[in-house]
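These notes concern the structure reproduced below.
We're numbering straight along the sequence, starting at 1.
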Amino acid sequence: MPCKVVVGGFFGDEGKGKIIAYLARRDKPSIAVRGGVGPNAGHTFTFEGKSYKVRMLPSAVLNSTTRLLVGPGVLINPEILLDEIEMFNSHDRTFIDSQCGIIEKVHIEKDTAEDHLKHRIGTTGTGTGPANADRALRILRLAKDIPKLLLYIENVSDSVNYSLDNKENIIIEGTQGTFLSLFHGGYPYVTSRDVCASSICSDVGIGPKRVDEVIVVFKAYVTRVGGGPLQNEIGNDEANRLGWAEFGSVTGRQRRASPFNMDLAKKAISLNSATHLAITKLDVVFPESAGVREFTKLQKGPRKFIENIEAETGVKVTLIGTGVDVDDVIDRRKA
Ligand code: IMP
Ligand code: MG
């Protein structure tokens, strides 16, 4: 399928990075383009024993033939972007839109100093909320105003639409998760923008008719960082005991945890018009599934878990994460 958009179905940290890294290696898209908020996201993936984290570049970076684009809806922290370009040596295949908003020191200071943001909402402190506020006020600087970024600028929506006209294979990467959406999440415990699939497409400059697949990624349990309600939340001790304890890749905070939430999943599927689902970390909930790469080799418990999600939601689970490595995936797309 030529154009897929990948978004998170819960509160971020569903494992989108790993799923996208897998798809990139497998499908070798000509373009991966990032939508979403900005460097408040942290996408991690492990390949051949080495762990990588990206906050600005698309998670498809592992496939060296993929051009890495950042859409105009995304906020850029120039230092973080340039560091990642350096780290992955992707100078000649990274491009950002001239209209990406720029996060400056003042935005980070506001995000980490204001009691409301830091303590009530529990933001990531990366400056994204204050920068988006300035963008709404139309005083934010854009990528085209920053000399050290000029080398990387191109018209991202033109590139993406042109490649789609040529039937190339493209991945559009969302960040955060459906219930952190400014419009559809539990306001005020949300991020500073909508992050559902339609917005992610708008971030990169394509219209709704251009998307062939919408993959909504869920983790086999739910986590959230920062404030806001989490139904059936378990305590940190219980999370440690179950092996569900996670720590934020941007902030280092321990993530709050709860079991898989079918009602949230159904709502996320409808908000994003999911065509397929991905379920990650199946091995964390069902250790017997660790490293399994074929659906028929799954034992009864984990298989029932997946089949129940399909029966309840009516959407097929085509990708299942069963371990930390990028290739620890059951890929049922051809089944
Ligand atoms: P902000 O996006 O930094 O303004 O934070 C607003 C809320 O969204 C806080 O609860 C953050 O913890 C949460 N959040 C933002 N980005 C992510 C993410 O990538 N993963 C998980 N939570 C996030
Ligand atoms: Mg994350």
For residues [X] and [Y], report the shortest heavy-atom separation together with the two atoms involved.
X      : Y      : value
Asn63  : Pro29  : ND2-O, 4.3 Å
Ala197 : Val7   : CA-CG1, 3.9 Å
Gly12  : Leu180 : N-CD1, 4.2 Å
Pro39  : Asn77  : CG-CB, 3.9 Å
Ser51  : Thr44  : OG-CG2, 4.4 Å
Val216 : Ala274 : CG2-CB, 3.5 Å

Dump the intermediate steps for salt bridge (charged side-chain N to carboxylate O under 4.0 Å, His left out) on Lys16 and Glu14, then the final yes or no. CA-CA 6 Å; Lys16 294 179 290 301; Glu14 298 93 352; 2.7 Å; yes

Crowded around [X] [atom1]? As in, over 12 foreign heavy atoms under 6.0 Å?
X      : atom1 : value
Phe247 : CZ    : yes
Lys304 : NZ    : no
Lys297 : NZ    : no

State, yes or no, whether a side-chain contact exists between [X] and [Y] at a heavy-atom distance under 4.5 Å.
X      : Y      : value
Ile85  : Leu57  : yes
Asp328 : Lys18  : yes
Ile330 : Ile306 : no
Leu230 : Val222 : yes
Ile121 : Pro188 : yes
Phe218 : Ile269 : yes
Pro130 : Val106 : no
Ile19  : Phe45  : no

Euclidean distance, [Y] [atom2] relative to [X] [atom1], rounded to 0.5 Å:
X      : Y      : atom1 : atom2 : value
Lys219 : Glu246 : NZ    : CD    : 3.0 Å
Tyr22  : Asp325 : OH    : CG    : 11.5 Å
Phe260 : Lys281 : CZ    : NZ    : 15.0 Å
Ile103 : Asp134 : CD1   : CG    : 11.0 Å
Leu319 : His276 : CG    : NE2   : 8.5 Å
Asp331 : Thr318 : CG    : OG1   : 7.0 Å

I'd like to know whether Lys148 forms a salt bridge (charged side-chain N to carboxylate O under 4.0 Å, His left out) with Glu79, so could you lay out the CA-CA distance, the side-chain angles of the two residues, the decisive distance to 0.1 Å, and finally the verdict. CA-CA 10 Å; Lys148 61 186 172 188; Glu79 273 64 50; 2.6 Å; yes

Would you say [Y] ends up clustered with [X] if hydrophobic residues are merged whenever their side chains have heavy atoms under 4.5 Å apart, either directly or through other cluster members?
X      : Y      : value
Val204 : Leu68  : no
Ile170 : Leu69  : yes
Met56  : Tyr52  : yes
Phe183 : Val37  : no
Val33  : Ile153 : no

Ignoring hydrogens and geometry, is there a side-chain-to-backbone donor-acceptor pair from [X] to [Y] under 3.5 Å?
X      : Y      : value
Ser289 : Phe286 : yes
Asp111 : His107 : no
Arg93  : Thr65  : no
Asp145 : Leu142 : yes
Arg193 : Gly36  : yes
Thr322 : Val292 : yes
Thr94  : His91  : no
Asn232 : Ser258 : no
Lys28  : Arg25  : yes
Ser163 : Ser159 : yes

Is the distance between the ring centroids of Phe10 and Tyr221 under 6.0 Å?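 When the ring centroids of Tyr221 and Phe10 are compared, they turn out to be at least 6.0 Å apart.
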
Side chains of [Y] and [X]: any donor to acceptor distance under 3.5 Å?
X      : Y      : result
Asp194 : Ser181 : yes
Asn272 : Thr178 : yes
Glu114 : His119 : no
Thr223 : Asp13  : no

Show the numbers, then the answer: is there a salt bridge (charged side-chain N to carboxylate O under 4.0 Å, His left out) between Arg210 and Asp165? CA-CA 10 Å; Arg210 301 229 81 161; Asp165 290 342; 2.9 Å; yes

Under 4.0 Å between a side-chain nitrogen and a carboxylate oxygen: does that hold for Arg332 and Glu310?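 The answer is yes: the pair qualifies as a salt bridge.
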
Assess whether a salt bridge exists between Arg55 and Glu84, defined as any Lys/Arg side-chain N lying under 4.0 Å from an Asp/Glu carboxylate O.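 A salt bridge is absent here (no side-chain N lies under 4.0 Å from a carboxylate O).
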
Using the rule side-chain contact (heavy atoms from CB on, under 4.5 Å), only one of Asp212, Ile171, Asn169 pairs with Cys3; which is it?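 With Cys3 as partner, side-chain contact (heavy atoms from CB on, under 4.5 Å) holds for just one option, Asp212.
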
Show your reasoning for whether side chain to side chain contact (heavy atoms under 4.5 Å, CB included) applies to Thr175 and Thr191. CA-CA 11 Å; Thr175 63; Thr191 190; over 6 Å; no

Evaluate side chain to side chain contact (heavy atoms under 4.5 Å, CB included) for Phe95 paired with Arg67, printing each intermediate quantity in order. CA-CA 8 Å; Phe95 299 94; Arg67 292 205 319 133; 3.2 Å; yes

Do Val70 and Asp97 pass the side chain to side chain contact (heavy atoms under 4.5 Å, CB included) test, and can you show the C-alpha distance, the side-chain angles, and the key distance before you say yes or no? CA-CA 6 Å; Val70 182; Asp97 196 88; over 6 Å; no

Apply side chain to side chain contact (heavy atoms under 4.5 Å, CB included) to Leu298 and Leu282, showing your working. CA-CA 10 Å; Leu298 276 183; Leu282 188 68; 4.1 Å; yes

